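Here the structure is laid out as structure tokens; the discussion comes afterwards.
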There are 2 protein chains.
Amino acid sequence: MFSEYFNILGSISPIGELCRKKIESHLTIKEFKKGEHILHTGETCNHIYFMYKGCNRIYYYKNDKEITEWFTSEKHFCFSITSFFDKTPSHLSIETLEDSVVIQLSRKGIDELIHSDLEFANLFINILSGSLKLSQKRMDSMQFETARQRYQNLVTEQPEILQFANLQHIASFLGITSETLSRIRS
Amino acid sequence: MFSEYFNILGSISPIGELCRKKIESHLTIKEFKKGEHILHTGETCNHIYFMYKGCNRIYYYKNDKEITEWFTSEKHFCFSITSFFDKTPSHLSIETLEDSVVIQLSRKGIDELIHSDLEFANLFINILSGSLKLSQKRMDSMQFETARQRYQNLVTEQPEILQFANLQHIASFLGITSETLSRIRS
DNA sequence: CTTATTTTTTGATAAATGTCAATTTTATTG
DNA sequence: CAATAAAATTGACATTTATCAAAAAATAAG
């Protein structure tokens, strides 16, 4: 079960047998039913989560409304960025959208490894730079594209999200109301 | 002149004398008049820039209009994220908004150091995680705040930008037209 | 200092999106 | 499968922001 995990890590940055062993000692596996929370608001995010099976959405409340900030598809990583790095309670929640199996890598392990293992440090750099590119891309699309364009982009670039997310999740993810998204779709 | 640079690096992540020496060998200093370009569209971004003196804006063209994506204040870092990591021609340009002095750290040096020096790798991780937090924060504000709120945030959180950026730069940075910003201001 | 150029402001109008309410459709549960 | 709850759609209208054009103000150049 970890072999697929390490294959994906390896495709991000090469890691040797020794490094794998070290990483493995900081992994835990958890299962979640659809709709359960991987991380609750107020908890501190102490892991980087890998969706071995299933998917999730990351959301927060703004004026009593749920706003979906991000989706994580199967075989992808996620975490609450600010909470993880600042060790502060998360304003984000992470909720599974299907029955899921999550492989968690602890921050304690990450801290230890980035200070002791060059291979791991470089792996982590590559994970961060990948996240940064994604975040930047999304920011650009928010800055000067219309709701319709943003929806089109989603359909062409991340069609898998349409499979598991409902209209309200997608609407708030795109920064629009569900009524507007419904009209765009028709 | 480098001492201030290293103080700032050191405040991000502790680095010893040896690491400093190694970094120093990959630094170059460049001066720019106001309005000159640190990076042109189409060039590949091969450095991380530190604004020792002066400031800049990072912009791109969309439908023949300039869109400012980011501002860099004095004593801060910047680079074209996608171009730097993917080694591809930048769609962004970086233009100074004042006479400036830039300390450039080369990608060649960065590549070398992250693979050989744990201290540097950790420094770089901290630079990336800081960028990621900023990027995320900006994305959130784009997602569900009105133009007026985004402007208010800018005034309270980054007032220095108002000193060197003109109305059009700020408007496109906020994702609105200059007419709208002018009305918000009055 | 005067003229030219660029930037900002203002006005009128159009387009995009939001809000609220009602209805229809879909999903859930006993 | 009927009853209920939740989600999606639709309509009427309000609000925000964009667009285009012109005027005013600020900046740069001779």
Side-chain angles (χ1 to χ4, degrees), chain A residues 33-37 54-57 59 61-68 71 93 95-99 138-155 159 161-186, chain B residues 32-37 55-57 59 61-68 71 93 95-99 138-155 159 161-186:
Chain A
K33 293 272 175 214
K34 174 177 177 174
E36 289 184 333
H37 279 76
C55 53
N56 69 44
R57 75 182 177 111
Y59 70 96
Y61 285 92
K62 175 145 200 162
N63 308 327
D64 297 324
K65 283 185 192 162
E66 282 186 6
I67 300 193
T68 296
F71 295 105
S93 300
E95 177 195 34
T96 61
L97 298 174
E98 293 173 357
D99 292 353
R138 174 120 184 271
M139 211 180 66
D140 285 351
S141 93
M142 285 291 186
Q143 198 175 0
F144 259 99
E145 283 175 355
T146 63
R148 176 163 271 104
Q149 288 171 312
R150 295 202 298 279
Y151 180 67
Q152 299 295 1
N153 289 350
L154 184 72
V155 170
I161 288 177
L162 305 175
Q163 302 307 308
F164 56 73
N166 72 23
L167 180 131
Q168 299 178 50
H169 299 157
I170 295 171
S172 69
F173 175 70
L174 295 173
I176 57 179
T177 60
S178 45
E179 291 93 332
T180 299
L181 178 54
S182 176
R183 287 178 177 117
I184 286 173
R185 279 180 164 178
S186 58
Chain B
F32 297 88
K33 292 272 177 214
K34 175 176 176 173
E36 288 184 334
H37 279 75
C55 53
N56 70 43
R57 73 181 179 111
Y59 70 96
Y61 285 92
K62 175 144 200 162
N63 308 327
D64 297 325
K65 283 184 192 163
E66 282 186 7
I67 300 193
T68 296
F71 295 104
S93 300
E95 177 196 32
T96 61
L97 298 175
E98 294 172 357
D99 292 354
R138 174 122 183 269
M139 212 180 67
D140 286 351
S141 94
M142 284 291 186
Q143 198 175 359
F144 260 100
E145 283 175 354
T146 63
R148 176 163 273 105
Q149 288 172 313
R150 296 203 297 278
Y151 180 67
Q152 299 295 1
N153 289 350
L154 184 72
V155 170
I161 288 176
L162 305 175
Q163 302 308 307
F164 56 74
N166 73 21
L167 179 130
Q168 300 177 51
H169 298 158
I170 295 171
S172 69
F173 175 69
L174 295 173
I176 57 179
T177 61
S178 46
E179 291 94 332
T180 299
L181 178 55
S182 175
R183 287 178 178 119
I184 287 173
R185 280 178 163 178
S186 59

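Bear in mind that the values here come from a model prediction, so they are computed numbers and not experimental data. Numbered from 1 within each chain, the chains take letters A, B, ... in sequence-line order. For the numbers below, each heavy atom of this structure counts, side chains included, while hydrogens, waters and symmetry mates do not.
- Within the 4.0 Å cut-off from OP1 or OP2 of C:dG18, not a single side-chain nitrogen or oxygen of A:Lys65 is found.
- Applying the 4.0 Å criterion to OP1 and OP2 of D:dT9, one finds that A:Ser186 has every side-chain N and O outside that range.
- Distance check, rounded to the nearest 0.5 Å: CD1 of B:Ile184 to OH of B:Tyr151 gives 8.5 Å.
- Using modelled atom types, no side-chain atom of A:Thr177 and backbone atom of A:Ala171 make a donor-acceptor pair closer than 3.5 Å.
- Phosphate proximity of C:dG18 to A:Thr177: present, with a side-chain N or O under 4.0 Å from OP1 or OP2.
- Along DNA chain D, the nucleotide nearest to B:Arg148 and the one nearest to A:Ala165 differ in position, and the one closer to the 5' end is contacted by A:Ala165.
- At a threshold of 4.0 angstrom between heavy atoms, the contacts of A:Ser178 with the nucleic acid are absent.
- Of the inter-residue distances, the one linking B:Gln143 atom CD with A:Phe173 atom CZ reads 7.5 Å to the nearest 0.5 angstrom.
- B:Asp99 CG to B:Lys34 NZ: the interatomic distance, rounded to the nearest 0.5 Å, is 8.5 Å.
- Rounded to the nearest 0.5 angstrom, A:Asn56 CG and A:His37 NE2 are separated by 10.0 Å.
- Taking atom CD1 on B:Ile184 and atom P on D:dT15, their separation rounds to 17 Å, with Å as the unit.
- Regarding B:Phe164, its CZ atom lies at a distance of 18 Å from the C1' atom of C:dT7, rounded to whole Å.
- Checking the phosphate oxygens (OP1, OP2) of C:dG18, a side-chain nitrogen or oxygen of A:Thr180 falls inside 4.0 Å.
- The interatomic distance linking A:Glu145 (CD) with D:dA18 (C1') rounds to 16 Å, in whole Å.
- As a whole-Å value, the separation of A:Asn63 CG from C:dT19 C1' is 14 Å.
- Picking from D:dC20, C:dT9, D:dT9 the nucleotide with the shortest atom distance to the side chain of B:Glu179 gives D:dC20.
- With distances taken from any side-chain atom of B:Gln168 to the nucleotides D:dT9, C:dT19, C:dT7, the minimum falls on C:dT7.
- Here the nucleotide nearest the side chain of B:Asn166, chosen from C:dT7, C:dG11, D:dT17, is C:dT7.
- With D:dT17, C:dT17, D:dA18 as the candidates, the nucleotide lying closest to the side chain of B:Arg183 is D:dA18.
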